[in-house]
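Accompanying notes for the structure given below.
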There are 2 protein chains.
Amino acid sequence: MTAPTPSDTAAAFERHDHSHCAGAVMQAAEGRARAEGLRLTPVRRRVLEILLEEHRALGAYDILDRLKAEGFGHQPPVAYRALDFLVEHGLAHRIRRLNAFAACMHPDTDHAPAFFICAQCSAVAESAATPLRDAAQAAGLAIGFTIERVTIEAIGTCPACHPGTAPSPQVPS
Amino acid sequence: MTAPTPSDTAAAFERHDHSHCAGAVMQAAEGRARAEGLRLTPVRRRVLEILLEEHRALGAYDILDRLKAEGFGHQPPVAYRALDFLVEHGLAHRIRRLNAFAACMHPDTDHAPAFFICAQCSAVAESAATPLRDAAQAAGLAIGFTIERVTIEAIGTCPACHPGTAPSPQVPS
DNA sequence: TTGCGAAGTGTTATAATAGTACATTTCGCA
DNA sequence: TGCGAAATGTACTATTATAACACTTCGCAA
């Protein structure tokens with residue numbers, strides 16, 4: 001059970017060895033799939049891999065283009081179904097502000113994530129949001145509302161895109 | 001400066017005199033428009049009125065239908081432009097989870113709203129989310145991310161739809 | 001008061017995102 | 001081996017959102 005730390009989250013905005021972190025996450029995802037009897041079929045696995053390779057939020061049709069090119073089905077439901085599966089089982093997240101999807105970077109943690117989206121370079125970092133979820137829970141309680149899930153998406157500027165800081169955005173998009 | 005209180009927010013989920021609260025909000029919006037030199041033109045004003053009359057989140061095309069029927073333009077940009085204006089100036093909010101828009105119920109308050117969306121009856125309550133915004137701010141700081149805006153949307157069950165509580169949903173939709 | 005530039009409105013057309021319905025195949029397992 | 005459930009592939013459609021451009025209206029300065 002590796003809980004995400006602030007430095008994990010910060011790492012998402014820094015240059016790092018994608019293939020390494022992607023590999024680790026993929027292994028964790030496979031472990032979870034085995035443990036819970038999820039069927040990580042070729043399409044689903046490939047979609048997760050694509051998300052991990054890109055290491056950013058991708059639209060369903062971006063994914064679909066890749067799938068087509070690799071000989072999978074070429075109609076929208078192919079992508080949406082795989083994405084729905086991944087999201088439902090916590091292996092990917094939907095980023096509503098972007099109408100896009102990103103691989104979950106902590107699939108072995110039961111977490112309530114928040115997302116930090118850079119308006120400049122559209123990099124996305126996923127962060128544990130337990131305090132935020134608790135605050136929301138409390139606010140809900142005060143008005144008699146029972147919360148199932150909370151979407152928390154912050155838009156702003158990532159460290160790499162701050163003027164006077166690191167020069168070039170990591171994900172030009 | 002009327003700050004929203006938990007009981008204001010709770011009221012959103014209870015039967016109440018819409019025409020009264022809508023009227024008050026409309027007046028507040030007009031006040032703001034005058035004060036800030038915003039042009040609350042017929043289309044814009046009408047869109048805000050529609051949102052207030054319905055007192056729930058409406059899709060852009062729902063709005064467009066009403067506008068058509070009332071002799072305004074009948075192409076999507078007519079609705080989207082008015083909605084964009086209202087959102088930009090804080091007179092309405094976009095609810096991303098629903099791909100919909102709702103009138104801001106506290107247009108005279110500078111606020112960071114959170115939304116509570118009932119999965120059963122799709123009623124939406126707007127609540128002040130200062131603690132959540134602060135928590136997000138802190139989380140962002142920890143990773144060097146500067147937050148511009150945060151979207152907070154909770155999905156769950158409103159008081160009226162709780163089993164064993166009040167019987168009928170207020171907004172059947 | 002005229003007339004200029006900016007803002008607003010309306011229209012056509014199209015893009016981008018998402019889902020329904022149904023036939024076929026594959027998988028797990030009795 | 002073969003049954004039922006799950007997964008896949010396809011055609012088709014629905015929903016949400018923008019781009020581009022012509023025309024009108026508004027605020028304001030000469």
Side-chain angles (χ1 to χ4, degrees), chain A residues 33-51 56-89 91-102 117 122 151 153 173, chain B residues 33-51 56-89 91-102 117 122 151 153 173:
Chain A
R34 250 192 316 277
E36 300 180 24
L38 307 179
R39 289 175 56 189
L40 206 51
T41 61
V43 213
R44 292 168 178 175
R45 158 184 274 277
R46 190 65 196 115
V47 169
L48 182 52
E49 284 172 1
I50 291 170
L51 288 175
R56 62 190 177 97
L58 291 176
Y61 282 76
D62 296 331
I63 305 260
L64 183 56
D65 287 342
R66 311 271 306 247
L67 292 178
K68 281 196 244 201
E70 296 177 18
F72 292 97
H74 48 289
Q75 297 296 329
V78 173
Y80 279 106
R81 278 194 293 234
L83 288 165
D84 286 348
F85 172 89
L86 295 173
V87 168
E88 189 173 342
H89 294 95
L91 301 176
H93 299 292
R94 182 170 205 153
I95 318 265
R96 305 211 80 110
R97 177 173 289 270
L98 301 176
N99 289 328
F101 301 81
I117 306 163
S122 49
T151 303
E153 297 176 0
S173 162
Chain B
R34 249 193 315 277
E36 299 179 24
L38 308 179
R39 289 176 57 189
L40 204 51
T41 62
V43 212
R44 292 168 176 174
R45 156 184 274 277
R46 190 65 196 117
V47 169
L48 182 52
E49 284 172 1
I50 291 170
L51 288 174
R56 61 190 179 98
L58 291 176
Y61 282 75
D62 296 330
I63 305 262
L64 183 57
D65 287 342
R66 311 271 306 244
L67 291 178
K68 283 195 242 201
E70 297 177 16
F72 293 97
H74 48 290
Q75 298 298 327
V78 172
Y80 280 103
R81 279 194 293 235
L83 288 166
D84 286 348
F85 172 89
L86 295 173
V87 168
E88 189 173 341
H89 294 94
L91 301 177
H93 298 293
R94 181 170 205 152
I95 319 265
R96 304 209 82 109
R97 178 172 288 269
L98 302 176
N99 289 328
F101 301 82
I117 305 163
S122 49
T151 302
E153 297 176 0
S173 163

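Proteins get letters first, then strands, A, B, ... in listed order; numbering begins at 1 in each.
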Q. Where each residue is assigned the nucleotide of DNA chain C containing its nearest heavy atom, which of B/Arg44 and A/Asn99 is assigned the position nearer the 5′ end?
A. B/Arg44

Q) Can you tell me how far the CG atom of A/Leu58 sits from the CZ atom of A/Arg66, to the nearest 0.5 Å? A) 7.5 Å

Q | Sub-4.5 Å side-chain heavy-atom contact between B/Phe72 and B/Arg46 | A | yes

**Q.** Members of residues 34-41 of chain B that approach DNA chain D, where some heavy atom sits under 4.0 Å away
**A.** B/Arg39

Q.
For C/dA18, does the base pair up with any side-chain atom of A/Tyr61 as donor and acceptor (N or O, under 3.5 Å, distance only)?
A. yes

Q. Any side-chain donor-acceptor pair under 3.5 Å between B/Thr151 and A/Arg97?
A. yes

**Q.** For A/Glu88, all residues meeting salt bridge (charged side-chain N to carboxylate O under 4.0 Å, His left out), sequence neighbours excluded
**A.** none

Q | Comparing A/Asp62 and B/Pro42 on DNA chain C - which has the more 5′ nearest nucleotide | A | B/Pro42

Q: Report yes or no: does B/Arg44 contribute a side-chain atom to a donor-acceptor pair with the main-chain N or O of B/Arg39 at less than 3.5 Å?
A: yes

Q: Check DNA chain D against residues 64-89 of chain A and give the residues with a non-hydrogen atom under 4.0 Å, in numerical order.
A: A/Gly73, A/His74, A/Gln75, A/Pro77, A/Val78, A/Arg81

**Q.** Short side-chain to backbone donor-acceptor contact, A/Asp65 and A/Asp62, under 3.5 Å
**A.** no

Q | B/Glu153 side-chain N/O to B/Ile95 backbone N/O, donor-acceptor pair under 3.5 Å | A | no

Q.
Counting only side-chain nitrogens and oxygens, does B/Arg94 get under 4.0 Å of the OP1 or OP2 atom of D/dA17?
A. yes

Q) Which heavy atom in A/Leu64 sits nearest to a heavy atom in A/Ala79, and how many Å separate them? A) CB-CB, 4.0 Å

Q) Can you tell me how far C1' of D/dT15 sits from CG of B/Leu58, to the nearest Å? A) 15 Å

